[in-house]
> 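Below you'll find the structure I mean.
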Amino acid sequence: MTAQLCDVGHRTYAEALAIQIEVAERVKAGAPDVLLFVEHDPVLTLGASFHEENLLLSPAEYHQRGIELARTDRGGDVTFHGPNQLVVYPIFDVSRHGRDLHKWLRDLEETMIHVLAELGLEGYRFPPNTGVWVRGKKVAAIGVKISRWVSIHGIALNCDNDLSPFGLIVPCGIRGHGVTSLSEQTGRRITIEEAKPLVVRAFERVFALTFEQRELGEIKDERSQAAPPQALS
């Protein structure tokens with residue numbers, strides 16, 4: 001099966017959400033699945049299961065630190081996004097991949113386990129919590145929303161990002177477990193640029209996909225569907 005890959009670069013959370021919603025409408029209409037790569041400005045996203053007590057500071061104090069707060073409809077509680085963290089938004093029609101929400105979440109976890117394996121790390125699940133852990137700490141947070149079987153939101157993979165903002169919250173509402181990054185676990189700098197091809201390969205393996213590189217304008221333009229795809233190197 002062929003899907004599309006689009007790197008939209010550094011975006012605010014609101015910008016990225018608007019892109020997801022627009023792309024999701026196209027996927028609902030029958031367009032190919034789309035994998036979006038994004039890097040966010042500092043933001044705390046508050047999911048559908050958010051509890052106020054998991055914010056350890058006041059909104060004003062977060063604002064003073066340059067951290068936005070954003071309500072969102074993804075699953076889960078509160079988490080942090082920021083520079084040097086790779087955010088992966090698979091805008092997929094889940095009915096093409098088993099039509100099962102639980103399988104969808106487990107498959108997303110599996111992609112991150114594959115990524116960690118390529119770096120010599122043993123990632124694992126930590127039921128009943130969603131996400132991927134390594135050596136007792138969470139390295140990838142996952143939260144989605146599905147509408148008419150098309151999924152938005154997705155995965156936040158800690159690459160070389162500053163982990164200190166996670167100390168200002170109870171990450172994902174899970175107490176007693178820390179947060180880590182690929183750089184911390186490997187002992188060397190793992191940039192988001194190094195992580196991106198690993199994520200692509202993991203999605204290709206887990207979902208039996210072949211990706212075509214696309215610009216955002218091409219994905220939004222229906223006429224682009226007739227254009228020759230650019231092969232992913």
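Atoms considered below: every heavy atom in the structure, side chains included; atoms not considered: hydrogens, waters and symmetry mates.
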> Check the pair Arg125 / Glu110 against salt bridge (Lys or Arg N to Asp or Glu O under 4.0 Å), numbers first and verdict last.
CA-CA 9 Å; Arg125 298 175 178 85; Glu110 189 67 19; 2.9 Å; yes
> Give a yes or no on whether the ring-centroid distance for Phe207 and Phe92 is below 6.0 angstrom.
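They qualify: ring centres under 6.0 Å apart.
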> Going by the rule side-chain hydrogen bond (donor to acceptor under 3.5 Å, both in side chains), which residues pair with Arg148 if we only count those two or more places apart in sequence or in a different chain?
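Here no residue qualifies.
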> Looking at residues at least two apart in the chain, or sitting in another chain, which of them share a side-chain hydrogen bond (donor to acceptor under 3.5 Å, both in side chains) with Ser95?
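Checked Ser95 against side-chain hydrogen bond (donor to acceptor under 3.5 Å, both in side chains); matches are Asp93.
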> Which pairs, with at least one residue in residues 126-135 and sequence neighbours excluded, count as a side chain to side chain donor-acceptor pair (under 3.5 Å)?
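Qualifying pairs: Arg135-Gln185.
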> Would you name the heavy atoms of Ala156 and His81 that are closest together and state the gap between them?
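Heavy atoms only, the tightest pair is CB-CE1, 3.5 Å.
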> Heavy-atom count around Glu15 CD within 6.0 Å, excluding the residue itself: above 12?
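Buried by this count: over 12 neighbours within 6.0 Å.
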> Which residue pairs satisfy the ring pair (Phe, Tyr, Trp, His ring centres under 6.0 Å) criterion with at least one member in residues 6-27, sequence neighbours excluded?
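Of all non-adjacent pairs touching residues 6-27, those that pass ring pair (Phe, Tyr, Trp, His ring centres under 6.0 Å) are Tyr13-His40.
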> Could you check Arg26 against Glu218 for salt bridge (Lys or Arg N to Asp or Glu O under 4.0 Å), going step by step and ending with a plain yes or no?
CA-CA 12 Å; Arg26 290 188 43 73; Glu218 293 180 295; over 6 Å; no
> Are the charged groups of Lys196 and Glu193 less than 4.0 angstrom apart, N to O?
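Judged by the 4.0 Å cut-off on N to carboxylate O distance, Lys196 and Glu193 do form a salt bridge.
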> In chain order, what residues pass the side-chain hydrogen bond (donor to acceptor under 3.5 Å, both in side chains) check against Asp77, with sequence neighbours excluded?
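In terms of side-chain hydrogen bond (donor to acceptor under 3.5 Å, both in side chains), with neighbours along the sequence ignored, Asp77 is linked to His51, Asn54.
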> For Glu39 and Arg11, what are the C-alpha separation, side-chain angles and deciding distance, and is it a salt bridge (Lys or Arg N to Asp or Glu O under 4.0 Å)?
CA-CA 6 Å; Glu39 185 182 7; Arg11 303 274 181 156; over 6 Å; no
> Who pairs with Lys28 by side-chain hydrogen bond (donor to acceptor under 3.5 Å, both in side chains), at least two apart in sequence or on another chain?
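Counting only residues at least two positions away or on another chain, Lys28 forms a side-chain hydrogen bond (donor to acceptor under 3.5 Å, both in side chains) with Glu25, Ser147.
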